[in-house]
Amino acid sequence: MRNKSDPCLCGKQIILKHLDKFLAERTLVLFSAEEIEPVHRMRVASRRLRAALKAFKGLLPGKKAKVWTAELSRIGSVLGRARQIDVQIKFLNGYLKNAKNRPRSAYLAAVIQALKKKRKLVQRKILIVFKIFEANQEFAELRNFLCKPKLCVSGSFAHTFDQLRAVLLAKQLDRLLEFAVYVDKPKRVKELHQLRIAAKKLRYTLEIYRLWHGARFDKYILASRMLQDLLGDVHELDCLKQDLAELVLEEVSNFKAQAADVVREVRGLRRQVYQKFNSLWKKFKQQRLWEDLYKKF
């Protein structure tokens, strides 16, 4: 990484790094759907790239930045659904290995097959989205723009970068704490998911700006990642519970008793993970962790 005193050059390098990681997964995501990790890696890369575009938006032409962000959001959405199904299939395969009776084994096998059918449909959407994405040449344009030798010559971005950095971090921390009122409300599924998204965005931005703030950001990066992971597990279990109920209505209606048993177990797991999250949040609150972060930028 170049000298951190030059945010223009650093911003260009960071955006290009995440763009390269995003594009590196293209072939496996499009043509090796049985491998689940490339989808996960591309999805994470798309999030990090969006975070970088926001963190260095002063470098970019406003209208085009919105187009590039919208393209990434569209791709990220379909990758998210693919990832969700991949995780569900992996989870239920684990259940199937430990199933102790034939009716449950038959139910789990039927659900897995139904999910695989849905995954194939999502794979078609991925192919369509990428066909449009590549036809539009938006990210080739982004790369070309960032590689312009005279980008940042004026120095105007460098002069305002410190202020922009503080404003973005404050905004994202405000967003995280906005959803704190739902921490003790386990049934507020949508709001807890929004809290997870806020933790994720804060984490990625802290990681980007660590270059300027150093190790003093590390404990906040770790904290936001821990929240993101636990709330991610809560969200995955919420989605699995909903999808299992829908599959009973659509494709495995002859396994209602087995479906009810598995859903009860999923609810139990969800309660356990939610409690871990709740305890962690209260620990951070006692430490006044987020109030302390406001003082670091």
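Counting only distance, with no hydrogens or angles, the side chain of R175 and the backbone of I197 share no donor-acceptor pair below 3.5 Å.
Using a 4.0 Å cut-off between charged nitrogen and carboxylate oxygen, E191 and K185 do not count as a salt-bridge pair. Remark: D292 engages K296 in a salt bridge, criterion side-chain N to carboxylate O under 4.0 Å. Here R165 pairs with D162 in a salt bridge; the nearest charged N to carboxylate O distance falls below 4.0 Å. Look at K118 and E246 and you find no salt bridge, because none of the NZ, NE, NH1 or NH2 atoms lies under 4.0 Å from a carboxylate O. Between R43 and E37 no salt bridge is recorded (no basic side-chain N to carboxylate O distance below 4.0 Å).
L192 places none of its side-chain heavy atoms less than 4.5 Å from the side chain of H235. Side-chain atoms of L289 and K219, non-hydrogen and from C-beta on, do get closer than 4.5 Å to each other. V87 is not listed as a side-chain neighbour of L240, based on a closest heavy-atom distance of 4.5 Å or more. You'll find the side chain of L176 stays beyond 4.5 Å of the side chain of Q172, heavy atoms only. Between L146 and L60 the shortest side-chain heavy-atom distance falls below 4.5 Å. L293 has its side chain out of reach of L169: every pair of non-hydrogen atoms, C-beta onward, lies at least 4.5 Å apart. Side-chain contact between L269 and F91 is present, with at least one heavy-atom pair separated by less than 4.5 Å.
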Check: Run the side-chain contact (heavy atoms from CB on, under 4.5 Å) check on E138 and L142 step by step: do they pass?
Finding: CA-CA 6 Å; E138 292 294 348; L142 171 59; over 6 Å; no
Margin query: As a quick check of understanding, evaluate side-chain contact (heavy atoms from CB on, under 4.5 Å) for D243 and I85, giving each step before the final call.
Written below: CA-CA 9 Å; D243 286 349; I85 297 173; 5.6 Å; no
Notebook entry, point to check: Can I89 and V111 be said to form a side-chain contact (heavy atoms from CB on, under 4.5 Å), step by step?
Noted result: CA-CA 9 Å; I89 291 172; V111 169; over 6 Å; no
Next item on the list: With salt bridge (charged side-chain N to carboxylate O under 4.0 Å, His left out) as the test, would you mind laying out the steps for K90 and E236 before giving the verdict?
Entry: CA-CA 12 Å; K90 183 178 180 180; E236 293 294 350; over 6 Å; no
Check: What's the verdict on side-chain contact (heavy atoms from CB on, under 4.5 Å) for F130 and V78, showing C-alpha distance, side-chain angles and the deciding distance?
Finding: CA-CA 10 Å; F130 264 85; V78 69; over 6 Å; no
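Relative ring orientation between Y182 and F179 is described as tilted, the plane-to-plane angle lying within the 30° to 60° band. Using bins of under 30°, 30° to 60° and over 60° for the plane-to-plane angle, the ring pair Y209/F56 lands in the perpendicular bin. The aromatic rings of Y220 and W290 sit tilted, their planes meeting at an angle between 30° and 60°. Under the 30°/60° scheme for interplanar angles, the aromatic rings of W281 and F277 are found to be tilted.
Side chain to side chain, R81 and Q84 meet the donor-acceptor criterion of an N or O pair below 3.5 Å. Under 3.5 Å, the side chains of D174 and Y294 contain a donor-acceptor pair of N or O atoms. Q275 and R271 are not linked by any side-chain donor-acceptor pair at a separation below 3.5 angstrom, with hydrogens and angles left out of the test.
By the 6.0 Å contact criterion, CZ on R124 is open, its count of non-hydrogen atoms from other residues, nucleotides or ligands being 12 or less. Within a 6.0 Å radius of CD in E34, more than 12 heavy atoms belonging to other residues, nucleotides or ligands are found. Shown here is K200, whose NZ atom has more than 12 heavy atoms of other residues, nucleotides or ligands within 6.0 Å. The local environment of NZ in K241 is crowded, with over 12 non-hydrogen atoms from other residues, nucleotides or ligands closer than 6.0 Å. Crowding of K64 atom NZ: a count of heavy atoms from other residues, nucleotides or ligands under 6.0 Å exceeding 12.
For residues 276-286, every residue pair satisfying the salt bridge (Lys or Arg N to Asp or Glu O under 4.0 Å) rule, not counting sequence neighbours, is listed here: D184-K282. Sorted by first and then second residue, the salt bridge (Lys or Arg N to Asp or Glu O under 4.0 Å) pairs involving residues 48-58 (not counting sequence neighbours) are R48-E207.
The same ILVMFWY cluster, assembled from side-chain heavy atoms under 4.5 Å apart, contains both V181 and Y274. Hydrophobic clustering (side-chain heavy atoms under 4.5 Å, transitive across Ile, Leu, Val, Met, Phe, Trp, Tyr) groups I126 together with V129.
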Please tabulate, for side-chain N and O atoms in residues 23-32, each donor-acceptor pair with protein atoms closer than 3.5 Å (sequence neighbours left out).
unit_1 : atom_1 : unit_2 : atom_2 : d
E25    : OE1    : R41    : NE     : 3.4
E25    : OE1    : R41    : NH2    : 3.2
E25    : OE2    : R41    : NE     : 2.9
R26    : NE     : E134   : OE2    : 2.3
R26    : NH2    : E134   : OE1    : 3.4
R26    : NH2    : E134   : OE2    : 3.4

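Under the 6.0 Å cut-off for aromatic ring centres, F133 and F139 qualify, their centroids lying closer than that.
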